[in-house]
Colleague: 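Just passing along the structure, written as structure tokens.
The sequence lines fix the lettering, A, B, ..., with proteins before strands; numbering per chain opens at 1. Just so you know, these numbers use all the heavy atoms, side chains as well, and skip hydrogens, waters and symmetry mates.
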Number of protein chains: 2
Amino acid sequence: MRNDNTANWPQEQCFASFKHCLPVCRESVYSEFFEAFREDIKVKRESAAVKNLKIIFDATFELASKGGFDAMSLRDLSQSTGISMGGLYNYIRSKDMLAQMVNDFLSQRLAPLAYSLNLESGSPRQRLATRLRIYIYMGSLFRPWYRFVYMESKSMARQQRDQAKQFDLVDTAKLKEVIEEGVAAGEMHCANSELTASALLALIQDWYLKSWKYKQNETSTDDYANFLVSLMDKLLADNDQHTHDQTGYNDHSGKNNQ
Amino acid sequence: MRNDNTANWPQEQCFASFKHCLPVCRESVYSEFFEAFREDIKVKRESAAVKNLKIIFDATFELASKGGFDAMSLRDLSQSTGISMGGLYNYIRSKDMLAQMVNDFLSQRLAPLAYSLNLESGSPRQRLATRLRIYIYMGSLFRPWYRFVYMESKSMARQQRDQAKQFDLVDTAKLKEVIEEGVAAGEMHCANSELTASALLALIQDWYLKSWKYKQNETSTDDYANFLVSLMDKLLADNDQHTHDQTGYNDHSGKNNQ
DNA sequence: GGATAAATAGCGAACGCTCGCTCTTTTTTA
DNA sequence: TAAAAAAGAGCGAGCGTTCGCTATTTATCC
């Protein structure tokens, strides 16, 4: 949009520049959503549909974030949205389907949109840093979606549950792959790429799971992304020069007993 | 118990030695539990009570881990345990109280038991490593308890919900405190102790939240604890010698815009 | 272009069902 | 055999869902 220096992702790696280059934003997301679920939604007039979808799903995130999706009744949702029970059912096929729509839209529309952005160019370290930033930025933009899918996937149908685990494994594997490329290129050093990748993913997820904590101590999106990238650099630096049982208590680094 | 070299925690920092020194184990935990909730439990004969408490709570963990606590009905629980509805109510006051018992027992009995073990002696690095190991070992021993409290605290009463957040903040603060002692002693280096502490806590929680993943790639308790301690060492090492924008893309380390 | 008709969207009471929980009866235990 | 524990049918409340109806918007016609 604007032609200032915030619009040149991925050269300028900050949240603002990412937002400018992402072809969807918090405001336009429900237009995409409506399009994705046209055949499930009885309402055909787009203007009203998009407005009410935003009301319904924003309220769902709000209610589900305290008490969980199961504890939220459709009467609660009706009251929060100001839309009657019958009205709600013009937008969803069932309560279960409501949760599934969130899951499917995030995993099939939102996430692919971002993760295909400029991940192929640059050194392994650049690509890994870019990937981490994208995860964090996406988590900031669509935090309620990510939170919901993480917390509620266990309440969903078999297929969605399995898919959620699969995505976790795939994300871990992608991080691991880049790490191993960096190791092969001599740019990184890592004794256990699998666990390192898992740790990075856990820190990505903590960003949207514990947003209350990061809000409380005033950690911004860029703060966290920068922290995570510098953490990554420390984890993957050449550490043979100054470690190995510094001041006491055994310091194993490989596999061990039990 | 046994007099071999696994019984000298915290000098020998492994899971086996920790288990030997902890005054409670997976098998004896429900005796403690019965004692803690004597006045809430109608059944007075200890032998039967302990046996059935184990059956009931183990089944609760199993059922709640798939579908969540809200989705588990007491009829499901009755069927899984082989104990009738009336029978269950000789052990719990209500379904809500069942969840609260798990929360209270973990936070008031189990956790304090371990976290008071030898945390005061040694250098900051030793104490931090020991603390991390304790968290991981406890997470391994009482994984279902930790998982349950993490996932279900949002469904509990106001007091329990607030308490869960409070414990998260307290745990973060304790880690942060030790880090800052290490920094003050010149033993550690850290630009943001708050975020570093948060990250360590997130990795502790990932251990019991994603146990399915770590089981799948055959990561043992000691593997993970060793990995976490070595990660800690890397994060807190003196990193002024080889970082700062290695090969491209800006590498901010402090606070930033937006 | 105003009146009429058709289509769409919203409403909320009512339905069948399952929930947490209670209470009387039966069984087990010492 | 008296006390303790387990059993399971039954209760009312609240759930997700449906459906007949009204209100609103869009299309058609003279």
Colleague: Who are the side chain to side chain donor-acceptor pair (under 3.5 Å) partners of B:Lys95, not counting sequence neighbours?
Modeller: none
Colleague: Could I get the full list of side chain to side chain donor-acceptor pair (under 3.5 Å) partners for B:Arg93, not counting sequence neighbours?
Modeller: B:Asp40
Colleague: Looking only at side chains, do B:Lys213 and A:Thr172 share a donor and an acceptor under 3.5 Å apart?
Modeller: yes
Colleague: Will you find, in the side chains of A:Thr219 and A:Asn217, an N or O donor that is under 3.5 Å from an N or O acceptor?
Modeller: yes
Colleague: State which residues pass ring pair (Phe, Tyr, Trp, His ring centres under 6.0 Å) with A:Tyr150; sequence neighbours excluded, sorted by chain then number.
Modeller: none
Colleague: For B:Phe105, run the ring pair (Phe, Tyr, Trp, His ring centres under 6.0 Å) check against B:Phe148, B:Trp145, B:Tyr30 and tell me which one passes.
Modeller: B:Trp145
Colleague: Hey, does A:Asp76 reach any base, or is it just sugar-phosphate, or nothing, if we go heavy atoms under 4.0 Å?
Modeller: nothing
Colleague: Going 5' to 3' along DNA chain D, which nucleotides are the first and last within contact of chain A (any atom under 4.0 Å from a heavy atom)?
Modeller: D:dC15 to D:dT26
Colleague: I'd like to check the side chain to side chain donor-acceptor pair (under 3.5 Å) partners of A:Ser140; sequence neighbours left out, ordered by chain and number.
Modeller: A:Trp207, A:Thr221
Colleague: Anything under 3.5 Å between a protein N or O and an N or O of nucleotides 14-17 of chain C, put it in a table, one pair a line.
Modeller:
residue: C:dA14; atom: N6; partner: A:Arg75; partner atom: NH2; Å: 3.4

Colleague: I need the B:Thr81 OG1 to B:Leu88 CG distance, nearest 0.5 Å.
Modeller: 5.0 Å
Colleague: What pairs with A:Phe37 under ring pair (Phe, Tyr, Trp, His ring centres under 6.0 Å), at least two apart in sequence or on another chain?
Modeller: A:Phe33
Colleague: Compute whether any side-chain donor of one residue and acceptor of the other, for B:Asp206 and B:Tyr214, lie under 3.5 angstrom apart.
Modeller: yes
Colleague: Would you kindly say whether B:Gln205 and A:Lys210 are connected by a side-chain donor-acceptor distance under 3.5 Å?
Modeller: yes
Colleague: Tell me whether A:Arg147 contacts the main-chain N or O of A:Leu209 through its side chain, where contact means a donor paired with an acceptor under 3.5 Å.
Modeller: yes
Colleague: What are the residues of residues 53-74 of chain B, sorted by number, that bring a heavy atom to within less than 4.0 Å of DNA chain D?
Modeller: none
Colleague: Where the side chain of A:Asp162 meets the backbone of A:Gln159, is there a donor-acceptor pair that is under 3.5 Å apart?
Modeller: no
Colleague: A:Asn90 CG to C:dA7 C1': how many Å, rounded?
Modeller: 13 Å
Colleague: Taking DNA chain C as the partner, which of residues 92-104 of chain B come within under 4.0 angstrom of it by heavy atom?
Modeller: B:Ser94, B:Lys95
Colleague: Below 4.0 angstrom, which residues in residues 39-50 of chain A have at least one non-hydrogen atom near DNA chain D?
Modeller: A:Arg45
Colleague: Got a sec, which residues hit ring pair (Phe, Tyr, Trp, His ring centres under 6.0 Å) with B:Tyr146, two or more places apart in sequence or on another chain?
Modeller: B:Tyr208
Colleague: Partners of B:Tyr135 by ring pair (Phe, Tyr, Trp, His ring centres under 6.0 Å), sequence neighbours excluded?
Modeller: B:Tyr115
